[in-house]
Visitor: 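This structure is in structure tokens; I'll ask about it shortly.
Bear in mind that the values here come from a model prediction, so they are computed numbers and not experimental data.
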Amino acid sequence: MKKNIICTAALPYANGPIHIGHLVEYLQVDFWTRFKKMQGHHCLYICADDAHGTPIMLKAKSLNITPEKLTADMQTEHLNDFSKFEIIFDHYSSTNTNYNKELCYEIYESMKKNITEKSIKQLYCNNDKMFLPDRFTKGTCPKCKAEDQNGDSCDSCGETYSPTEVLDPKCSICGKTPILKESSHLFYKLENFREFLKEWIKDHTPKEVQKKLQEWLKNDLANWDISRDKPYFGFEIPDHKDKFFYVWLDAPVAYLASTKEWAEKNKIDFKKFWNATDTEIYHFIGKDIVYFHCLFFPSMLKNSEYKLANNIFVHGHLTFQGKKMSKSKGTLISAKHFGETLNPLYLRYYLASKLNSNASDLDFSIEDFYQKTNSELLSKITNLASRSVQMINKKLENKLSSCSKEGLLLIKKIQKANIEIAKLYDNREFSKAISLIRSLSEEANQYFDKKEPWKKIKDSPLEAHQVLTDIVNVFRILNIYLTPILPSYSKQVASLFNEDANYKWKDHETILENCDVKKYEHLLARIDIKDAEKLQTGSQ
């Protein structure tokens, strides 16, 4: 049955470029939504640039441009990077739109009965004349005592806290020690939603993150400060002059706002579409923002007129050569640098071969990347096409014959594998799907080697022709299974066989016989280890 599905990816922050660590998430959603569309579902991939906050304001000031100009330019850069990696959004917007402002105000109204106002002491930098937001405070974690941690959370132990709890705090802008200064703020009473959240997370979050969520929910939840003082780039809070919504309030609302923007352009009733019982909503996020998406955001929407997500899918981080990705340490590869060095399809395949449905970290190893891409994608999968089609081009007048009886058994087995591969895609077990496709390609190569059509082409041309036709069909079906991972590759294959460029999942049922094929053109080139090693140099 055809479904309406809304998928969102966490919003990339608009003060810097995309790197391959970010691409783990955007590619994962791209794989999944492409698969769903191939199955015939109406599936939307929604995203936007996260355009608000103090970092944006300060960076724009340093460049002597407006925040609006900065975020517009960065959005263009982000979309260019996404496009190179064939990540296709159904709608891509920004948090800084009237759509988002109106929805923030609407949802804020529904939150008011759970909001209190009080005066608090905050870190204030006399040198920079501003209250310091979370990420503009550095210091020692109050729990595990790890040094050089952000003002809101610790990378070492995962603890979240207030900037005023940080030990030995410093201003991230000037490095000076801030003072404490009073300011009136708005607080959302998260504790009022603790019992609701305890039940809600059971069916709407991954089992592996529920343990951490339940730990947080064992104790009273602290009130959530949803306001920020000027100067600040964001939405001013109604009836509270010089106070602005904290970026983590308006950012997730942009999931709805961006969908509304898409809906209006397509003359669809947004609220009806979002809230329909047959609409499924899924948020894809990294494990570092679980607290915001699994506690803050659901509680925000609880008393609004909008349906909450069916599920929140959580993934791990990408390390490089076994180390945390870091620009200063030369372990951060920008999307632009990768795209200028190698074919982005290689990264799509490599990350798919490692991605699964849990939140464990993935590692990008240059040697593993080089070996896996060449030995699997080139030597085992693409090689099926080059070995068979080129012989058909040269010896058999570009025509397929009928399949052999033995070949049909292999083809039927590979067709039947669609059930398991579809299940793995559906469950976001991409690495297992790739593993199964690879093993099927190995079986096909063994069949090819056993039949030796290159030897039989003279003495037994019909038998050789049938074997080659068998292999062509196997490769074509495997290519259909790889279409969510390798979309442009798949289109090249479709063109080779004179087929529609946009394969549907059910197209694996078709067997090509007694028809023409075009002249084979190389689908992908092998990676040179020297080119792979260039990824690390100049990536900062």
Visitor: Among all residues two or more places apart in sequence or in another chain, which pass the ring pair (Phe, Tyr, Trp, His ring centres under 6.0 Å) test with F475?
Guide: none
Visitor: Tell me every residue that passes side chain to side chain contact (heavy atoms under 4.5 Å, CB included) with T137, counting only those two or more places apart in sequence or in another chain.
Guide: L123, L132, P163, P169
Visitor: Under the ring pair (Phe, Tyr, Trp, His ring centres under 6.0 Å) rule, collect the residues that match up with H91, sequence neighbours excluded.
Guide: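 So H91 forms no ring pair (Phe, Tyr, Trp, His ring centres under 6.0 Å) with any residue.
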Visitor: Which residues satisfy the ring pair (Phe, Tyr, Trp, His ring centres under 6.0 Å) test with F233, sequence neighbours excluded?
Guide: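 F233 satisfies ring pair (Phe, Tyr, Trp, His ring centres under 6.0 Å) with H52 only.
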Visitor: Quick one: ring pair (Phe, Tyr, Trp, His ring centres under 6.0 Å) partners of Y282, sequence neighbours excluded?
Guide: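 Ring pair (Phe, Tyr, Trp, His ring centres under 6.0 Å) list for Y282, sorted by chain: W32, F313.
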Visitor: Donor-acceptor pairs under 3.5 Å, side chain of residues 53-67 to any protein atom, not counting sequence neighbours: which ones?
Guide:
residue: K59; atom: NZ; partner: N15; partner atom: O; Å: 2.6
residue: S62; atom: OG; partner: K59; partner atom: O; Å: 2.6
residue: T66; atom: OG1; partner: K69; partner atom: N; Å: 3.0

Visitor: Output all residues satisfying side chain to side chain donor-acceptor pair (under 3.5 Å) with E340, sequence neighbours left out; order by chain, then residue number.
Guide: none
Visitor: Residues in salt bridge (charged side-chain N to carboxylate O under 4.0 Å, His left out) with E215, at least two apart?
Guide: K212
Visitor: Under the salt bridge (charged side-chain N to carboxylate O under 4.0 Å, His left out) rule, collect the residues that match up with E376, sequence neighbours excluded.
Guide: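 Partners of E376 under the salt bridge (charged side-chain N to carboxylate O under 4.0 Å, His left out) test: K372, R438.
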Visitor: Under the side chain to side chain donor-acceptor pair (under 3.5 Å) test, which residues partner E367, sequence neighbours left out?
Guide: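 Side chain to side chain donor-acceptor pair (under 3.5 Å) check on E367 returns Q371.
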Visitor: Could you list the residues that satisfy side chain to side chain donor-acceptor pair (under 3.5 Å) with T177, not counting sequence neighbours?
Guide: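 Checked T177 against side chain to side chain donor-acceptor pair (under 3.5 Å); matches are K170.
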Visitor: Who are the salt bridge (charged side-chain N to carboxylate O under 4.0 Å, His left out) partners of R228, not counting sequence neighbours?
Guide: D134, D225
